[in-house]
Amino acid sequence: MDKIIYGGSPIRGIVSVPGDKSISHRALIFGALSSGQSNFTGLSTAKDVETTKNILKELGIQFNNSNDEDDKKSLTIDGIGIGGFEKLRKSSDKEIYKLYCGNSGTTARLIMGLLGGAGIKAEITGDNSLSQRPMDRVVEPLKRIGVEIESTQGHLPVRIIGGKAVPFNYTLQVASAQVKSAMILAALFINGTSTIIEPQETRDHTERMLLLMDGDIMIKRLLNGKNIIINGRKELTPLSFKIPGDISSAIFFIAAALIIPGSEITIDHVLLNPTRAHILEVLKRMGAKIDIEQTEEFPEPVGNIKVTYSRLNGTRISSLEIPLIIDEIPALAAIAFYARGETIVTGASELRVKESDRIKSITTMIKSFGGSIEEKDDGFIIKGRKRAHPSQVESFGDHRIAMAGSVLAMTVKGKNVIKNSECVEISFPEFFQILESLKTEA
Ligand code: S3P
């Protein structure tokens, strides 16, 4: 489905965005793993999160929505505990869970760690895009620790055949919170101490959640990164909290407000965890007028963000920053379109293995609006401009490209088309509706 956008008018108002996708995936998985009933409000409405929920349902986990029919964001989960998962082991090869992960890399990789650790037989598949993404980053370390697991030439389908995971020390080879979380999940089933060494910081929701659940987990900060030390087989207490708004969704409205003259918006109750909200620091150093009012600290920092149209300068992103802003780079590229001078992104080859090859799709998007971008193996250089022309944006079926393209479209008077715009449902089904509600008369 194509979406038509006529831009050129400022955006103004106060909005909320749905619950954070990364935290929502983990809330469902850790809720299922706990020994008792967990309660969450403000869950993400993303299709990816629905995928995680459906897989847990296939495994027999029971969810109850709130009594209010319209409230799809509140949920109770009847956890079955670590022992409950072990009981799901199947005996014969004919009895194997067939689990479809759709477009969701987080679902696929976290479920591999969970089921691999528990020794549950499963075949894990996904859609075309997910089937092209690398899975050996999880399959190989799981093999090393004793899980019998095989990929299809490094990709899905992945089959977990059984095996028994033993205590391990593992240094992450990719700065990936998905790989880290998969290994942490596996460690929860192991009798003994396991250590995950993370040389470069990535999002830390898994660690925070386990601490909240009285998990036997210790974090040792190092000069470069940290060690995560886990004693497995400890029962986990249930969770109960409100999930903060997703900064990776909020960023598209932040971007639009920064580059459409006359705009000013406030987004309330947004996740401010520094491993996720680092993009705000990057934007501030580009000259963005952003006011942050922190309202909560625990279990995750949360607050309100006010953004006003700003004249921006380009910036250089260091490779250490990449994991902290990885999902915000398409929006950053839209902002860089209008920033004076060059914005240089390097050390970001991970972008090539996201929902699309995001270095290519960002390059195509910027060029389609008449922008100047040079594609590099591990990033890109954008030279800022004063004006964009109307565009037909190829989304490549990638939700974050469709939304970044929509942000640029909002800056342009005239008719823009976002192709296959329905892909926004992967993370943010309400995106176009909220964008429309923020539009004012020029
Ligand atoms: C995620 C981690 C990131 C991110 C993805 C969600 C998570 O992937 O891009 O959208 O919830 O752990 P990597 O950890 O593979 O970089």
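We're numbering straight along the sequence, starting at 1. Whatever order the structure lists ligands and atoms in, that order sets their numbers, starting from 1. Remember, it's a predicted structure, so these values are computed and weren't measured experimentally. Only this structure's heavy atoms are used, side chains among them; waters, hydrogens and symmetry mates stay out.
Taking the salt bridge (charged side-chain N to carboxylate O under 4.0 Å, His left out) definition, one finds that Asp268 meets it with nothing, sequence neighbours left out. By the salt bridge (charged side-chain N to carboxylate O under 4.0 Å, His left out) test, Glu350 pairs with Arg137, sequence neighbours left out. With sequence neighbours excluded, no residue forms a ring-ring contact (aromatic ring centres under 6.0 Å, His included) with Phe252.
Under the 4.5 Å side-chain criterion, counting only non-hydrogen atoms from C-beta, Leu212 is not in contact with Arg208.
Around ligand 1, the residues contributing at least one heavy atom under 4.0 Å from the ligand are Ser22, Arg26, Thr106, Ser176, Ala177, Gln178, Arg203, Ile326, Asp327, Lys354.
Of the possible donor and acceptor atoms, none in the side chain of Ser38 sits under 3.5 Å from a partner among the backbone N and O of Pro238.
Between Arg276 and Asp20 there is a salt bridge, with a side-chain nitrogen of the basic residue lying less than 4.0 Å from a carboxylate oxygen of the acidic one.
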